[in-house]
Amino acid sequence: MSRQHIPLVTELPLVIWLVLVWGALWQDFSPGTLVFGAVIAYAVVNFFYLPPLELTGRFNVLWVIPFVGRFLYQLVIASAEVFWLALSKGPSLRSAVVAVPLRSSSDFLVTATGHAISLIPGSLVLEVDRSTSTLYLHCLHIDSEEDAEAIRRDVRATEVWLIRIMGSRADLRTLQTREARR
Amino acid sequence: MINDVIVSILLIGGALMSLAAGIGLVRFPDLLSRMHAATKPQVLGLLLFLLALAVETGSWALVPLLVLCWIFQLLTSPVSAHMVGRAGYRTRHLRRDLLTLDELDDVVARAAATDPGRADRAGETRPEAGDGPT
């Protein structure tokens with residue numbers, strides 16, 4: 001085989017996730033189902049080859065719960081906002097394409113941030129510049145530079161949350177030194 | 001009884017969100033703003049429907065399946081919005097007159113100016129002024 005061999009440890013999160021999906025689909029988390037699920041997951045991971053996902057090696061559960069709460073709150077706000085804009089502004093809506101440079105250069109974190117901000121108020125990822133990890137967002141209802149600045153602040157705040165949850169140690173350290181200096 | 005009330009509130013909420021997406025699709029002026037309407041309210045709407053389902057059946061075994069449904073929705077809807085939005089921007093299916101600010105266009109223009117080798121590629125993504133569908 002020409003492809004490179006991936007150690008099982010790297011694939012473990014993916015296998016565990018697939019086993020959980022298997023259990024959920026059967027609506028049954030008994031040991032038999034899970035063991036059979038693990039066999040299938042292992043086969044699937046080896047058969048349908050994907051580039052290894054580079055996780056950052058840390059995951060802080062304590063930050064997840066407030067993040068989920070904040071996310072749900074913002075999702076409700078975003079939906080209400082889109083509803084209101086559709087009713088009140090409609091065809092006369094003005095939007096903008098805003099560039100937001102992110103702190104982290106990890107593909108995983110940029111993807112996670114892109115996902116999170118696509119669902120919370122006013123933005124949609126148009127283009128990603130991987131070399132500078134800059135996101136180009138399409139944002140609804142931007143009339144002035146201040147509105148664009150507010151979006152940038154918002155996105156960077158979301159990224160800070162994600163760095164706290166699962167950013168690499170280097171990113172976290174940069175973040176902490178910057179906060180300490182403030 | 002109390003369950004029925006909760007379920008009906010959740011279902012009505014979910015239906016309202018679908019309505020919001022529909023109104024947005026009709027009323028918004030161009031492709032990119034329509035993508036906003038198509039993604040956000042609908043994700044919340046699905047969450048409300050799934051919650052209603054969980055309350056109605058009252059079985060814990062169903063919960064992981066519903067969570068899974070929602071996670072896949074969360075993962076796929078931004079990606080599809082991104083792909084459609086990106087393709088739309090590159091093929092100039094956007095109305096420039098509706099944008100108050102376009103920082104991507106600036107970057108593309110600068111890249112084309114400093115690096116002539118990339119000009120051909122950049123030219124694809126940079127619509128000429130006033131060359132949008134009207």
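These numbers come from the heavy atoms of this one structure, side chains and all, not from hydrogens, waters or symmetry mates. Since this is a predicted model, take the numbers as computed values, not measurements. Residue numbers begin at 1 in each chain, while the letters A, B, ... track the order of the sequences.
Both the backbone and the side chain of B:Leu32 come within contact range of chain A, each with at least one heavy atom under 4.5 Å from a heavy atom of that chain. Using a 4.5 Å cut-off between heavy atoms, B:Ser59 does not touch chain A at all. Only the side chain of B:Met17 comes within less than 4.5 Å of a heavy atom in chain A; its backbone stays farther off. The part of A:Leu72 that comes within reach of chain B is its side chain, from C-beta onward, which places non-hydrogen atoms under 4.5 angstrom from that chain. Contacts of A:Ala99 with chain B are made by both backbone and side-chain atoms, with heavy-atom separations under 4.5 Å.
Once rounded to the nearest 0.5 Å, the distance linking OG of A:Ser79 with CG of B:Leu16 reads 11.5 Å. Distance check, rounded to the nearest 0.5 Å: CG of B:Leu75 to OG1 of A:Thr111 gives 11.0 Å. Distance check: B:Met35 CE to A:Leu124 CG gives 6.5 Å after rounding to the nearest 0.5 Å. The CG atom of B:Leu19 sits 4.5 Å away from the CZ atom of A:Phe83 when rounded to the nearest 0.5 Å. Atom NE2 in A:His115 sits 8.0 Å away from atom OG in B:Ser77 (nearest 0.5 Å).
Options A:Val76, A:Asp129, A:Asp147, A:Leu93 differ in how many heavy-atom pairs under 4.5 Å they form with chain B, and the most are formed by A:Leu93. Contact count versus chain A (heavy atoms, under 4.5 Å) is highest, among B:Leu74, B:Thr39, B:Asp30, for B:Leu74.
Between B:Pro64 and A:Leu20, the closest side-chain pair of non-hydrogen atoms is not below 4.5 Å. Residues B:Ile71 and A:Trp17 have side chains in contact (heavy-atom distance under 4.5 Å, counting atoms from C-beta outward). The shortest distance between side-chain heavy atoms of B:Arg90 and A:Glu127 falls below 4.5 Å. Side chains of B:Arg27 and A:Pro91 form a contact here, defined as non-hydrogen atoms less than 4.5 Å apart. Put simply, the side chain of A:Leu126 does not reach to within 4.5 Å of the side chain of B:His82, judged on heavy atoms.
Across all their heavy atoms, A:Ala86 and B:Ile23 have their closest contact at CB-CG2, 3.9 Å. Considering every non-hydrogen atom in both B:Ser33 and A:Leu140, the closest pair reads CB-CD2, 3.4 Å. Closest heavy-atom contact between B:Lys40 and A:Ala78: CD-CB, 3.8 Å.
If you chain together hydrophobic residues whose side chains sit under 4.5 Å apart, B:Met1 and B:Val55 never meet in one group. Under the 4.5 Å side-chain heavy-atom criterion for ILVMFWY residues, a single connected hydrophobic cluster contains both A:Val44 and A:Phe36. Under the 4.5 Å side-chain heavy-atom criterion for ILVMFWY residues, no single connected hydrophobic cluster contains both A:Leu62 and A:Ile65. Under the 4.5 Å side-chain heavy-atom criterion for grouping Ile, Leu, Val, Met, Phe, Trp and Tyr, A:Trp22 is not connected to A:Val35 through any hydrophobic cluster. One hydrophobic cluster holds both A:Val21 and B:Val67 under the rule that ILVMFWY side chains link at heavy-atom gaps under 4.5 Å.
A:Trp63 is linked by a ring-ring contact (aromatic ring centres under 6.0 Å, His included) to A:Trp161, counting only residues two or more places apart in sequence or in another chain.
Under the 30°/60° scheme for interplanar angles, the aromatic rings of A:Phe71 and B:Trp70 are found to stand perpendicular.
Distance alone, capped at 3.5 Å, is enough to place a donor-acceptor pair between the B:His36 side chain and the A:His138 backbone.
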Without placing hydrogens or testing angles, list every side-chain donor-acceptor pair under 3.5 Å for residues 43-53 of chain B, not counting sequence neighbours.
none

